[in-house]
Peer 1: 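I am attaching a structure below and will ask some questions about it afterwards.
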Amino acid sequence: MFIPLTPLRFLHRAGDVYGHKIGVVSGEHQFTYAQFAERCERLATALPKFGIVPGDRVAYLSFNNHQLLEGYYGVVQARAIVMPLNVRLSENELTTILCHSGAKMLMFENDFAPMVEKLRKSCPDVKQWVTFDAPVPFADLTYEFLISQGHPERADIFSYDEMAIAELFYTSGSTGTPKGVTLAHRTLYLHALDVGCLYKDIETTVDLHTIPMFHANGWGRPQCSTMQGIKQVMVRRFEPAFV
(Lines give C-alpha, C1' and ligand atoms only; values in the text may rest on other atoms or scores of the structure.)
Protein backbone atom coordinates (compact mmCIF):
# COMPACT_ATOMS: atom_id res chain seq x y z
CA MET A 1 0.00 0.00 0.00
CA PHE A 2 1.29 3.44 -0.95
CA ILE A 3 0.74 6.04 1.78
CA PRO A 4 1.49 9.62 0.72
CA LEU A 5 3.99 11.51 2.86
CA THR A 6 2.24 14.68 3.96
CA PRO A 7 2.53 16.82 7.10
CA LEU A 8 -1.22 16.45 7.52
CA ARG A 9 -0.41 13.08 9.08
CA PHE A 10 1.41 14.94 11.88
CA LEU A 11 -1.75 16.93 12.63
CA HIS A 12 -3.78 13.73 12.80
CA ARG A 13 -1.24 12.11 15.11
CA ALA A 14 -1.16 15.13 17.40
CA GLY A 15 -4.95 15.15 17.69
CA ASP A 16 -5.19 11.41 18.28
CA VAL A 17 -2.24 10.83 20.60
CA TYR A 18 -1.85 14.21 22.32
CA GLY A 19 -5.36 15.63 21.93
CA HIS A 20 -5.75 16.34 25.65
CA LYS A 21 -2.39 18.12 25.94
CA ILE A 22 -1.86 21.88 25.65
CA GLY A 23 -0.27 22.10 22.24
CA VAL A 24 -0.18 25.78 21.29
CA VAL A 25 0.25 28.89 23.43
CA SER A 26 -0.08 32.24 21.70
CA GLY A 27 -0.32 35.35 23.86
CA GLU A 28 -3.41 34.97 26.03
CA HIS A 29 -4.69 32.05 23.96
CA GLN A 30 -3.89 28.39 24.40
CA PHE A 31 -5.27 25.31 22.69
CA THR A 32 -5.06 21.59 23.24
CA TYR A 33 -3.89 19.63 20.24
CA ALA A 34 -7.48 18.48 19.70
CA GLN A 35 -8.65 22.10 19.63
CA PHE A 36 -5.77 23.12 17.40
CA ALA A 37 -6.57 20.31 14.94
CA GLU A 38 -10.21 21.36 14.84
CA ARG A 39 -9.29 24.98 14.10
CA CYS A 40 -7.01 23.85 11.26
CA GLU A 41 -9.81 21.74 9.81
CA ARG A 42 -12.28 24.59 10.08
CA LEU A 43 -9.84 26.82 8.21
CA ALA A 44 -9.40 24.14 5.54
CA THR A 45 -13.12 23.70 4.92
CA ALA A 46 -13.83 27.45 5.04
CA LEU A 47 -11.26 28.55 2.47
CA PRO A 48 -13.09 27.11 -0.57
CA LYS A 49 -16.18 29.09 0.44
CA PHE A 50 -14.14 32.25 -0.05
CA GLY A 51 -12.78 31.35 -3.47
CA ILE A 52 -9.62 29.40 -2.61
CA VAL A 53 -9.11 26.42 -4.92
CA PRO A 54 -6.29 23.84 -5.05
CA GLY A 55 -2.99 25.45 -5.94
CA ASP A 56 -3.96 28.96 -4.85
CA ARG A 57 -1.46 30.85 -2.74
CA VAL A 58 -2.61 32.12 0.66
CA ALA A 59 -0.21 34.76 1.99
CA TYR A 60 0.40 35.73 5.62
CA LEU A 61 1.80 39.05 6.84
CA SER A 62 2.23 38.56 10.55
CA PHE A 63 4.59 37.76 13.37
CA ASN A 64 4.55 34.29 14.96
CA ASN A 65 1.06 33.53 16.23
CA HIS A 66 -1.39 30.63 16.38
CA GLN A 67 -3.23 31.77 13.27
CA LEU A 68 -0.07 31.46 11.19
CA LEU A 69 0.66 28.03 12.66
CA GLU A 70 -2.91 26.96 11.81
CA GLY A 71 -2.23 28.03 8.24
CA TYR A 72 0.61 25.52 7.98
CA TYR A 73 -2.04 22.80 8.19
CA GLY A 74 -5.39 24.34 7.28
CA VAL A 75 -4.21 25.93 4.03
CA VAL A 76 -2.37 22.74 3.10
CA GLN A 77 -5.41 20.58 3.87
CA ALA A 78 -7.40 22.82 1.50
CA ARG A 79 -4.82 21.81 -1.15
CA ALA A 80 -3.70 25.41 -1.40
CA ILE A 81 -0.19 26.76 -0.76
CA VAL A 82 0.71 28.61 2.43
CA MET A 83 2.98 31.59 1.83
CA PRO A 84 4.36 33.37 4.93
CA LEU A 85 5.80 36.77 4.03
CA ASN A 86 8.94 38.34 5.44
CA VAL A 87 7.63 41.18 7.61
CA ARG A 88 10.94 43.03 7.25
CA LEU A 89 10.57 43.62 3.53
CA SER A 90 9.53 46.94 2.06
CA GLU A 91 6.18 47.76 0.52
CA ASN A 92 7.66 47.54 -2.98
CA GLU A 93 9.22 44.15 -2.28
CA LEU A 94 5.97 42.78 -0.85
CA THR A 95 4.06 44.13 -3.84
CA THR A 96 6.45 42.36 -6.19
CA ILE A 97 6.09 39.07 -4.28
CA LEU A 98 2.29 39.19 -4.09
CA CYS A 99 2.00 40.00 -7.79
CA HIS A 100 4.62 37.46 -8.87
CA SER A 101 3.12 34.65 -6.78
CA GLY A 102 -0.45 35.36 -7.83
CA ALA A 103 -1.61 35.14 -4.20
CA LYS A 104 -5.41 35.10 -3.92
CA MET A 105 -5.74 35.85 -0.19
CA LEU A 106 -3.71 37.83 2.33
CA MET A 107 -4.10 37.35 6.07
CA PHE A 108 -2.53 40.01 8.27
CA GLU A 109 -2.15 41.47 11.73
CA ASN A 110 -3.34 45.02 12.21
CA ASP A 111 0.22 46.04 13.09
CA PHE A 112 0.68 46.05 9.31
CA ALA A 113 -2.61 47.79 8.51
CA PRO A 114 -1.03 50.97 7.05
CA MET A 115 1.08 48.88 4.68
CA VAL A 116 -1.79 46.54 3.82
CA GLU A 117 -3.93 49.52 2.85
CA LYS A 118 -1.28 50.44 0.28
CA LEU A 119 -0.79 46.84 -0.86
CA ARG A 120 -4.48 46.51 -1.58
CA LYS A 121 -4.20 49.24 -4.18
CA SER A 122 -1.16 47.70 -5.90
CA CYS A 123 -2.07 43.98 -5.77
CA PRO A 124 -5.34 43.49 -7.69
CA ASP A 125 -4.94 39.70 -7.89
CA VAL A 126 -5.46 39.38 -4.13
CA LYS A 127 -9.22 38.88 -3.82
CA GLN A 128 -9.63 38.44 -0.07
CA TRP A 129 -8.01 40.48 2.71
CA VAL A 130 -8.39 38.92 6.15
CA THR A 131 -7.43 40.53 9.46
CA PHE A 132 -6.48 38.52 12.54
CA ASP A 133 -7.62 41.38 14.76
CA ALA A 134 -10.48 43.88 15.01
CA PRO A 135 -12.18 44.79 11.71
CA VAL A 136 -10.56 47.54 9.65
CA PRO A 137 -12.11 49.29 6.63
CA PHE A 138 -9.89 47.60 4.02
CA ALA A 139 -10.28 44.04 5.39
CA ASP A 140 -13.00 41.93 3.84
CA LEU A 141 -13.46 39.77 6.91
CA THR A 142 -11.92 38.69 10.19
CA TYR A 143 -10.08 35.43 10.71
CA GLU A 144 -12.43 34.19 13.42
CA PHE A 145 -15.41 34.77 11.13
CA LEU A 146 -13.60 32.93 8.35
CA ILE A 147 -13.01 29.77 10.38
CA SER A 148 -16.52 29.94 11.82
CA GLN A 149 -17.74 29.22 8.29
CA GLY A 150 -15.87 25.91 8.22
CA HIS A 151 -16.41 22.62 10.00
CA PRO A 152 -14.22 19.87 11.46
CA GLU A 153 -13.35 17.34 8.76
CA ARG A 154 -10.28 15.16 8.76
CA ALA A 155 -8.33 15.13 5.51
CA ASP A 156 -8.23 11.91 3.51
CA ILE A 157 -4.46 11.69 3.22
CA PHE A 158 -4.68 9.00 0.52
CA SER A 159 -6.17 11.59 -1.84
CA TYR A 160 -3.14 13.92 -1.64
CA ASP A 161 -0.23 14.02 -4.06
CA GLU A 162 2.90 14.01 -1.90
CA MET A 163 4.78 15.83 -4.67
CA ALA A 164 2.28 18.70 -4.74
CA ILE A 165 3.51 22.07 -3.50
CA ALA A 166 2.46 22.83 0.08
CA GLU A 167 4.51 25.91 0.96
CA LEU A 168 6.05 28.85 -0.87
CA PHE A 169 8.69 31.14 0.59
CA TYR A 170 10.52 34.08 -0.93
CA THR A 171 14.16 34.81 -0.21
CA SER A 172 15.20 38.01 1.55
CA GLY A 173 16.43 39.61 -1.67
CA SER A 174 20.01 40.11 -0.48
CA THR A 175 21.31 39.18 -3.95
CA GLY A 176 18.56 40.79 -6.00
CA THR A 177 14.80 40.51 -6.29
CA PRO A 178 13.36 37.96 -3.80
CA LYS A 179 13.01 34.54 -5.41
CA GLY A 180 10.31 31.97 -4.72
CA VAL A 181 11.23 28.60 -3.18
CA THR A 182 8.66 25.81 -3.10
CA LEU A 183 8.36 22.91 -0.65
CA ALA A 184 6.32 19.79 -1.37
CA HIS A 185 4.31 17.67 1.09
CA ARG A 186 6.98 14.97 0.87
CA THR A 187 9.81 17.43 1.50
CA LEU A 188 8.14 18.78 4.65
CA TYR A 189 7.40 15.30 5.96
CA LEU A 190 10.94 13.96 5.50
CA HIS A 191 12.53 17.13 6.84
CA ALA A 192 10.43 16.90 10.00
CA LEU A 193 11.60 13.32 10.56
CA ASP A 194 15.18 14.50 10.18
CA VAL A 195 14.75 17.42 12.60
CA GLY A 196 13.01 15.11 15.05
CA CYS A 197 16.19 13.08 15.45
CA LEU A 198 17.72 16.09 17.26
CA TYR A 199 14.98 16.37 19.89
CA LYS A 200 15.56 14.99 23.40
CA ASP A 201 13.22 14.46 26.35
CA ILE A 202 10.18 15.20 24.21
CA GLU A 203 7.83 14.47 27.11
CA THR A 204 8.98 17.65 28.86
CA THR A 205 10.24 19.77 25.97
CA VAL A 206 8.67 23.16 25.26
CA ASP A 207 9.31 24.65 21.83
CA LEU A 208 9.71 28.43 21.84
CA HIS A 209 9.09 29.59 18.28
CA THR A 210 11.72 32.33 18.38
CA ILE A 211 12.63 31.82 14.73
CA PRO A 212 10.24 33.82 12.49
CA MET A 213 8.13 31.20 10.76
CA PHE A 214 8.49 33.06 7.48
CA HIS A 215 12.18 32.12 7.59
CA ALA A 216 13.01 28.73 6.04
CA ASN A 217 9.78 27.09 7.20
CA GLY A 218 10.62 27.88 10.83
CA TRP A 219 13.44 25.35 10.44
CA GLY A 220 10.89 22.53 10.27
CA ARG A 221 9.65 22.96 13.79
CA PRO A 222 5.98 23.70 12.93
CA GLN A 223 5.81 20.15 11.58
CA CYS A 224 8.29 18.36 13.85
CA SER A 225 6.93 19.70 17.14
CA THR A 226 3.37 18.92 16.10
CA MET A 227 4.37 15.40 15.11
CA GLN A 228 5.85 14.79 18.57
CA GLY A 229 3.11 16.49 20.54
CA ILE A 230 5.41 19.15 21.97
CA LYS A 231 3.96 22.32 23.49
CA GLN A 232 4.60 25.17 21.06
CA VAL A 233 4.86 28.70 22.43
CA MET A 234 4.53 31.37 19.79
CA VAL A 235 7.12 34.08 20.40
CA ARG A 236 5.69 37.01 18.51
CA ARG A 237 8.92 39.01 18.53
CA PHE A 238 12.29 38.03 19.89
CA GLU A 239 12.84 40.09 23.03
CA PRO A 240 15.60 38.56 25.21
CA ALA A 241 14.07 39.47 28.59
CA PHE A 242 10.67 38.08 27.60
CA VAL A 243 12.14 34.86 26.18
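Only a predicted model underlies this, so the values are computations on that prediction, with no experimental measurement involved. Sequence positions, counted from 1, serve as the residue numbers for this chain.
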Peer 1: With sequence neighbours excluded, what pairs up with F63 under the ring pair (Phe, Tyr, Trp, His ring centres under 6.0 Å) test?
Peer 2: F112
Peer 1: Specify the closest pair of heavy atoms between L68 and N65, including all atoms of both residues, with the distance to one decimal.
Peer 2: N-OD1, 2.8 Å
Peer 1: Any side-chain heavy atom of S62 within less than 4.5 Å of one from M107?
Peer 2: no
Peer 1: Can you check ring-ring contact (aromatic ring centres under 6.0 Å, His included) on F31 and F36, steps first, answer last?
Peer 2: CA-CA 6 Å; F31 306 97; F36 174 69; 7.7 Å; no
Peer 1: Within the structure provided, determine whether K231 and V25 are in side-chain contact (heavy-atom separation under 4.5 Å).
Peer 2: yes
Peer 1: Determine whether V82 and V58 make a side-chain contact, defined as any pair of heavy atoms from C-beta on separated by less than 4.5 Å.
Peer 2: no
Peer 1: Using the rule given for side-chain hydrogen bond (donor to acceptor under 3.5 Å, both in side chains), can you reason through T226 versus Y73, listing the C-alpha separation, both sets of side-chain angles and the distance that settles it, and then say yes or no?
Peer 2: CA-CA 10 Å; T226 301; Y73 293 95; 3.3 Å; yes
Peer 1: Quick one: name the residues clustered hydrophobically with V181, using the 4.5 Å side-chain heavy-atom rule over I, L, V, M, F, W, Y, and just say none if it's on its own.
Peer 2: none
Peer 1: Treating Ile, Leu, Val, Met, Phe, Trp and Tyr as nodes and any side-chain heavy-atom pair under 4.5 angstrom as an edge, say whether M227 and L198 lie in one connected cluster.
Peer 2: no
Peer 1: Output, in order, the C-alpha distance, side-chain angles, deciding distance and verdict of side-chain hydrogen bond (donor to acceptor under 3.5 Å, both in side chains) for Y60 and Q67.
Peer 2: CA-CA 9 Å; Y60 284 74; Q67 297 97 327; over 6 Å; no
Peer 1: For T95, give me all partners under side chain to side chain contact (heavy atoms under 4.5 Å, CB included), at least two apart in sequence or on another chain.
Peer 2: E91, C99, L119, S122, C123
Peer 1: Starting from I202 and following side-chain heavy-atom contacts under 4.5 Å between hydrophobic residues (I, L, V, M, F, W, Y), which residues can be reached?
Peer 2: V195, Y199, I230
Peer 1: Among residues at least two apart in sequence or on other chains, which ones pass ring pair (Phe, Tyr, Trp, His ring centres under 6.0 Å) with Y72?
Peer 2: none
Peer 1: Of the non-hydrogen atoms in L69 and P222, which two are nearest, and what is the gap between them?
Peer 2: CD1-CB, 3.7 Å
Peer 1: I'd like to check the side chain to side chain contact (heavy atoms under 4.5 Å, CB included) partners of I81; sequence neighbours left out, ordered by chain and number.
Peer 2: R57, I165, L168
Peer 1: Could you state the interatomic distance from CD (Q232) to CE (M234), rounded to the nearest 0.5 Å?
Peer 2: 7.0 Å
Peer 1: Output all residues satisfying ring pair (Phe, Tyr, Trp, His ring centres under 6.0 Å) with H29, sequence neighbours left out; order by chain, then residue number.
Peer 2: H66
Peer 1: Determine whether D140 and R120 satisfy the following criterion, salt bridge (charged side-chain N to carboxylate O under 4.0 Å, His left out), listing intermediate values before the conclusion.
Peer 2: CA-CA 11 Å; D140 297 305; R120 181 150 192 170; 3.1 Å; yes
Peer 1: Does either side chain, that of T131 or that of N110, offer a donor lying less than 3.5 Å from an acceptor on the other one?
Peer 2: yes
Peer 1: Consider only side-chain heavy atoms of I, L, V, M, F, W and Y, link residues closer than 4.5 Å, and tell whether L208 and I211 are in one cluster.
Peer 2: no
Peer 1: Side chains of K127 and F50: closer than 4.5 Å at any heavy-atom pair?
Peer 2: no
Peer 1: Who are the ring pair (Phe, Tyr, Trp, His ring centres under 6.0 Å) partners of F169, not counting sequence neighbours?
Peer 2: none
Peer 1: Hey, are the side chains of R154 and L8 touching, using non-hydrogen atoms and a 4.5 Å cut-off?
Peer 2: no
Peer 1: Given the rule that I, L, V, M, F, W and Y join up when any side-chain heavy atoms are under 4.5 Å apart, are M83 and F132 in one cluster?
Peer 2: no
Peer 1: Ignoring hydrogens, what is the shortest heavy-atom contact between A192 and F10? Give both atom names and the distance.
Peer 2: CB-CE1, 3.5 Å
Peer 1: Before you tell me yes or no, could you show the steps for H20 and Y33 under side-chain hydrogen bond (donor to acceptor under 3.5 Å, both in side chains), namely the whole-Å CA-CA distance, both residues' side-chain angles and the distance that decides it to 0.1 Å?
Peer 2: CA-CA 7 Å; H20 64 286; Y33 266 116; over 6 Å; no
Peer 1: Who pairs with V17 by side chain to side chain contact (heavy atoms under 4.5 Å, CB included), at least two apart in sequence or on another chain?
Peer 2: R13
Peer 1: Applying salt bridge (Lys or Arg N to Asp or Glu O under 4.0 Å), name anything that partners R79, two or more places apart in sequence or on another chain.
Peer 2: none
Peer 1: Between H151 and E41, is there a side-chain heavy-atom distance shorter than 4.5 Å?
Peer 2: no
Peer 1: Please tell me if the side chains of F2 and E162 come closer than 4.5 Å, counting only heavy atoms from C-beta onward.
Peer 2: yes
Peer 1: Could you work out, with salt bridge (Lys or Arg N to Asp or Glu O under 4.0 Å) as the rule, every residue matching D111, not counting sequence neighbours?
Peer 2: R236, R237
Peer 1: Go through it in stages, so that I can follow the logic: the residues are E144 and R39, the test is salt bridge (charged side-chain N to carboxylate O under 4.0 Å, His left out), and I'd like the CA-CA distance, side-chain angles, deciding distance and then a yes or no.
Peer 2: CA-CA 10 Å; E144 290 302 317; R39 288 178 63 86; 2.8 Å; yes
Peer 1: Taking all atoms of both residues into account, what is the closest heavy-atom pair of N217 and Q223, and its distance?
Peer 2: ND2-OE1, 3.0 Å
Peer 1: Mind listing the closest non-hydrogen atom pair of P48 and A44 along with its distance?
Peer 2: CD-O, 3.1 Å
Peer 1: Looking only at heavy atoms, which two atoms of M115 and S90 are closest? And how far apart?
Peer 2: CE-C, 4.4 Å
Peer 1: Does any part of the side chain of W129, heavy atoms only, come nearer than 4.5 Å to the side chain of F108, both counted from C-beta?
Peer 2: yes
Peer 1: Under the salt bridge (Lys or Arg N to Asp or Glu O under 4.0 Å) test, which residues partner E93, sequence neighbours left out?
Peer 2: none
Peer 1: Measuring from atom CG of L47 to atom CG of L146, what distance do you get when rounded to the nearest 0.5 angstrom?
Peer 2: 5.5 Å
Peer 1: Flag yes if L11 and I3 sit in one hydrophobic cluster, no otherwise; membership is Ile, Leu, Val, Met, Phe, Trp, Tyr, and two members link when side-chain heavy atoms are under 4.5 Å apart.
Peer 2: yes
Peer 1: For the hydrophobic clusters of this structure (ILVMFWY residues joined by side-chain heavy atoms under 4.5 Å, transitively), does one cluster hold both F214 and L94?
Peer 2: yes
